[in-house]
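This report refers to the structure that appears directly beneath it.
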Amino acid sequence: MRVSRKDENIHNATVQVFVKPITGNEDIEHMLMSTMVEDCLSSVILVKMHPLTRIQIVIQLLDVDGSILSCAINGAMMGLIDAGIQCNKLLAAVTVTQLDSEMIVDPSKDDEKRASVVVNLAFNANDQQIILSNTNGLLSKSDYHNIINTAQKAALKVEKFMRKFFESTMR
Amino acid sequence: KKMAEAPPVSVNEKKFIENALRKGIRVDGRKALTMRKLQIQFGRKAGTVEVSLGKTRVFSACSADVVKPYPDRPSEGFLRLFVDFSPMASPYFEHNRPSGRSVQLSRMVQRGIRESNAVDTESLCILSGSRVWEIRCDVRVLDDDGNLGDCANIAAVCSLLHFRRPDVTVVGDRVTLHSVDQRQPVQLAMHHIPIIISFGIIAEDESLVMIDPNRKETTVSTAELSFTVNKHKEICGIHKIGGTPLNPNKILKYANVAIENATAITEKIEKLLAEEEKSQQKRSRRGESVYTNPIEAFIDNPEMEEEKGETKKKMEEEED
């Protein structure tokens, strides 16, 4: 799409992400989420291919039951693929919570509330490198490593689902 | 101005649509006065619903809050309705910057529900002069394939009918709001169900009218006519703004068509709501929580959740 004068960039496309809540106007948490998703996706989309244009991603929350950031990133990623926007990586995002020694992958809202730390991770599906890491809460270094290992395995599953979905729609 | 709202339709397509309409059929196979398939899907949370008319999709959600009423209307609650045209629906919608047409559609939906007193605002009073319910209904347009007014209105109405607000007890000056875990939440009191039915008119030599126009048909029509009616044959609003002039007799004729369709839609809505009610009862018997607290104050306080017996949120009368 055409980009407005103030957002123009003669070298790159401008990536804009809007996160819209279920009810009410956008709150600071939605603006934070949209900034995080935007920064994440800007490094993935090949912006140099479309200078002076705007790539707009709109995320409308329909029902919130935990793991919302990783859900948003996965959704945006699939939207980009469906739109045919060239990306240099496939992102797979996972949320993991930890309570004492119990790790929960893809927590629900109640799980997140009870947890001592919530970690959002987005990986490059190919080489398992971290694109986004966001933690809320207190955790030790070894816990963080364990969480990353578990999240990497979960991310593989997410990536598999994405591939299966697009391969089946291609046919 | 209308052209900037949607991708242009070629002259060939325009002629094709017109000629087909002269023979009484539409490009997607419908007759001139047949509406598209209406699908209503209720969400997990009370008051959330996704409505689709053909490819047009709209999502709606309700929330409730307790506020102070206006001093000149101490026993009336508030019903706030917002229709948001998200850029998700069409690349011609700008984020937080509604175009003239979007504002028109949103006002049409708002006025149809609020000014016809569809929701009984007096029943939203908790404590006259100090506490009333403010019900907020957010309608989000997800996909634009024409006739957003209709779809947004059905979504708003279904959302309000599906929504449950927490139960309240008033003893003297003390107001007690009951969490949904303790007391069954309450439906909103609705007087009637207003439905918007829109027509697209191509008035070249003779008036060619089509009900529920899709996006291309809307771009091609020279006038638009919308009725807000209900099944009791009451007209809550007629909107014909600009466009080619119409014969008043024709307008009345189409009002009757609108009422027929509105009645059919109202019956469908009521049927689906009854089915949803049954499935909700089944779910609650299985132990699943069916209602969620619309007011965050209940959920954020973990001590209150652990309290055995009555979980109450007490609100005291403010001292002057």
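Computed from heavy atoms alone, side chains included, the values below leave out hydrogens, waters and symmetry copies. In what follows, chains are A, B, ... by sequence order, proteins preceding strands, each numbered from 1.
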> Looking only at heavy atoms, which two atoms of B:Pro87 and A:Gln56 are closest? And how far apart?
Replying inline: CB-OE1, 3.1 Å
> Of all heavy-atom pairs between A:Asp63 and B:Arg44, which one has the smallest distance, and what is that distance?
Replying inline: OD2-NE, 3.0 Å
> Looking only at heavy atoms, which two atoms of A:Val58 and B:Ser86 are closest? And how far apart?
Replying inline: CG1-OG, 3.4 Å
> Side chains of B:Arg140 and A:Ile22: does their closest heavy-atom pair fall under 4.5 Å?
Replying inline: no
> Taking atom CD of B:Gln41 as the centre, does the number of heavy atoms from other residues, nucleotides or ligands within less than 6.0 Å exceed 12?
Replying inline: no
>> On a heavy-atom basis, which atom in B:Phe59 and which in A:Leu61 lie closest, and how many Å separate them?
In response: CE2-O, 4.3 Å
> Can you name the nearest heavy-atom pair linking B:Asp84 to A:Lys20, along with the distance?
Replying inline: OD2-NZ, 2.8 Å
>> So for A:Leu62, is it side chain, backbone, both, or neither that comes closer than 4.5 Å to the heavy atoms of chain B?
In response: both
> Checking A:Glu26 against chain B: side chain, backbone, both or neither under 4.5 Å from a heavy atom?
Replying inline: side chain
> By a 4.5 Å heavy-atom criterion (distance strictly below it), what part of B:Phe82 contacts chain A: side chain, backbone, both, or neither?
Replying inline: neither
> Using non-hydrogen atoms only, which part of A:Arg114 is less than 4.5 Å away from chain B: side chain, backbone, both, or neither?
Replying inline: neither
